[in-house]
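Each remark here refers to the structure printed beneath this line.
Heavy-atom basis, side chains included; hydrogens, waters and symmetry copies ignored. Along the sequence shown, residues carry numbers from 1.
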Amino acid sequence: MSRHVESFLEMLAAERGAAANTLDAYGRDLDDLGEFLARASVDVVTADTEAIRDWLAHQAALGMAPRTQARRLSCIRQFYLFLFAEGLRPDDPTTNVDSPRLGRPLPKYLSKEEVEKLLTAARALEAEDGVLMTALMETLYATGLRVSELVSLPAAAVARDPSVLIVRGKGGKERMVPLSDPARAALSAWCSVRDAAQPKGKASRWLFPSHGASGHLSRSGFAKMLARIAQTAGIDLARVSPHVLRHSFASHLLAGGADLRSVQQMLGHADIATTEIYTHILDEQRVRLVRQHHPLAGLRKPDE
């Protein structure tokens with residue numbers, strides 16, 4: 001089992017450019033499958049469709065969310081397709097396994113006023129913390145970067161006050177994202193502070209350096225800073241996260257008239273269907289607008 005899993009993960013890294021986090025998650029999913037099948041005395045390589053269905057049912061019995069089940073099943077499908085392609089088994093046992101039924105929850109997002117409160121709270125932080133958090137917040141809201149993309153930006157990305165960022169996203173794919181004037185100003189201020197604090201001859205290659213193992217600010221480190229300013233801004237901490245700011249960026253762009261394809265490219269979505277979920281937010285906003293302001297909206301029942 002371990003040999004086949006290792007070969008599978010090596011293929012994902014070499015041929016598909018899978019990120020380290022993805023490889024870790026897939027490894028855990030396959031370990032879980034292997035342990036479950038081992039308890040039933042079933043070999044992973046020769047497992048049949050019923051064995052995979054039993055494993056999936058076990059996930060549901062443990063209370064695992066349908067979306068998590070679906071993500072795990074996607075990993076297992078790719079693994080068995082790999083075994084089939086390598087001639088290690090004659091078929092793919094996941095072909096007739098149905099994916100869990102998923103709802104389509106709308107992404108959480110903040111209003112423009114709430115984002116402005118967060119930015120105000122970031123600017124109010126003392127000294128270097130305020131400059132750093134303002135740069136992070138302005139950049140995130142201006143670009144919609146994934147938090148991992150934001151914290152791992154190289155210092156070279158903002159050399160010479162660029163009007164666009166070159167971002168390396170999932171699978172090593174590069175994309176260009178425009179920078180707003182406030183974001184450029186905030187980054188320029190941060191670079192001055194950063195450069196002044198760097199040891200002579202030992203400048204970090206990262207835009208947001210830290211003393212951690214990666215050499216740059218961690219995702220959890222940024223999340224803690226964000227929680228701090230959310231509390232100061234009086235916004236429920238359960239409603240605020242780096243990904244919520246990414247959703248807010250996309251929602252506000254579309255509400256302002258941006259076209260879906262441009263938003264897809266800026267977010268780095270491989271499939272435009274992923275971006276289309278934001279149009280449902282706009283639909284809900286329009287329905288609320290009509291119900292609140294149409295002169296006859298309060299005189300009719302919803303189904304009339």
Side-chain angles (χ1 to χ4, degrees), residues 16-19 21-22 67 102-119 122 134-188 190-191 207-208 219 222 226 239-290:
R16 302 185 190 177
N21 288 341
T22 300
R67 192 164 296 279
L102 300 177
R104 198 179 189 190
L106 296 180
K108 296 178 182 178
Y109 68 102
L110 300 174
S111 67
K112 294 177 183 178
E113 292 74 20
E114 288 172 322
V115 172
E116 186 54 49
K117 285 182 180 179
L118 289 175
L119 289 168
T134 300
L136 287 163
M137 290 291 296
E138 287 283 10
T139 304
L140 184 56
Y141 183 56
T143 61
L145 297 184
R146 299 177 179 92
V147 65
S148 57
E149 296 169 342
L150 174 69
V151 298
S152 63
L153 282 171
V158 296
R160 301 180 183 177
D161 187 26
S163 57
V164 296
L165 280 180
I166 306 297
V167 182
R168 186 178 294 275
K170 287 186 175 181
K173 294 180 179 177
E174 289 189 344
R175 66 185 190 276
M176 290 194 302
V177 186
L179 271 176
S180 65
D181 289 339
R184 291 170 67 186
L187 285 170
S188 177
W190 165 244
C191 285
L207 179 57
F208 303 110
R219 293 178 300 173
F222 175 55
L226 181 57
R239 297 185 57 240
V240 181
S241 73
H243 216 63
V244 165
L245 286 171
R246 176 171 158 88
H247 292 323
S248 302
F249 159 82
S251 303
H252 297 168
L253 270 184
L254 288 170
D259 67 277
L260 197 62
R261 184 68 68 180
S262 295
V263 175
Q264 176 200 1
Q265 292 170 349
M266 284 186 278
L267 290 174
H269 287 160
D271 188 342
I272 198 169
T274 308
T275 319
E276 284 175 343
I277 193 169
Y278 295 106
T279 64
H280 293 271
I281 293 176
L282 299 183
D283 290 341
E284 281 200 345
Q285 290 174 341
R286 293 186 185 106
V287 169
R288 285 198 299 270
L289 184 67
V290 170

Enter the distance from T22:OG1 to R16:CZ here, rounded to the nearest 0.5 Å.
11.5 Å
OG (S163) and CE (M176) are apart, to the nearest 0.5 Å, by 9.0 Å
Write down the atom of L207, the atom of C191, and the distance for their closest heavy-atom approach.
CD1-SG, 3.8 Å
With side chains defined as the heavy atoms from C-beta onward, is the minimum distance between R261 and I272 less than 4.5 Å?
yes
Just wondering, do R146 and R246 contact through their side chains at under 4.5 Å, heavy atoms?
yes
Any side-chain to backbone donor/acceptor pair from R175 onto M266? Under 3.5 Å, distance only.
yes
May I ask you to test the E114-V244 pair for a side-chain heavy-atom distance under 4.5 Å?
no
What are the two closest heavy atoms between A135 and T139, and how far apart are they?
O-OG1, 2.6 Å
In the structure I gave you, are the side-chain heavy atoms of H243 and H247 within less than 4.5 Å of one another anywhere?
yes
Exercise: identify the closest heavy-atom pair between A270 and Q264
O-NE2, 3.6 Å
What's the shortest heavy-atom distance between P162 and R184, and which atoms?
O-NE, 3.3 Å
Indicate the atoms forming the closest heavy-atom contact of L267 with G144, along with that distance.
CD2-O, 3.8 Å
From CZ (F249) to CG (L140), nearest 0.5 Å
9.5 Å
Should L136 and L226 count as side-chain neighbours, where that means a heavy-atom distance under 4.5 Å?
no
Y141 side chain near L118 side chain, heavy-atom distance below 4.5 Å
no
Quick one: does T143's side chain get under 4.5 Å of L179's, heavy atoms only?
yes
Starting at CD1 of I166, measure out to CG of L153 and round the result to the nearest 0.5 Å.
11.0 Å
Any idea which heavy atoms bring H252 and L110 closest together, and the distance?
NE2-O, 2.7 Å
Contacts of type side-chain hydrogen bond (donor to acceptor under 3.5 Å, both in side chains), residue S262, not counting sequence neighbours
D259
Would you check, one step at a time, whether the test side chain to side chain contact (heavy atoms under 4.5 Å, CB included) holds for R219 with V151?
CA-CA 7 Å; R219 293 178 300 173; V151 298; 4.3 Å; yes
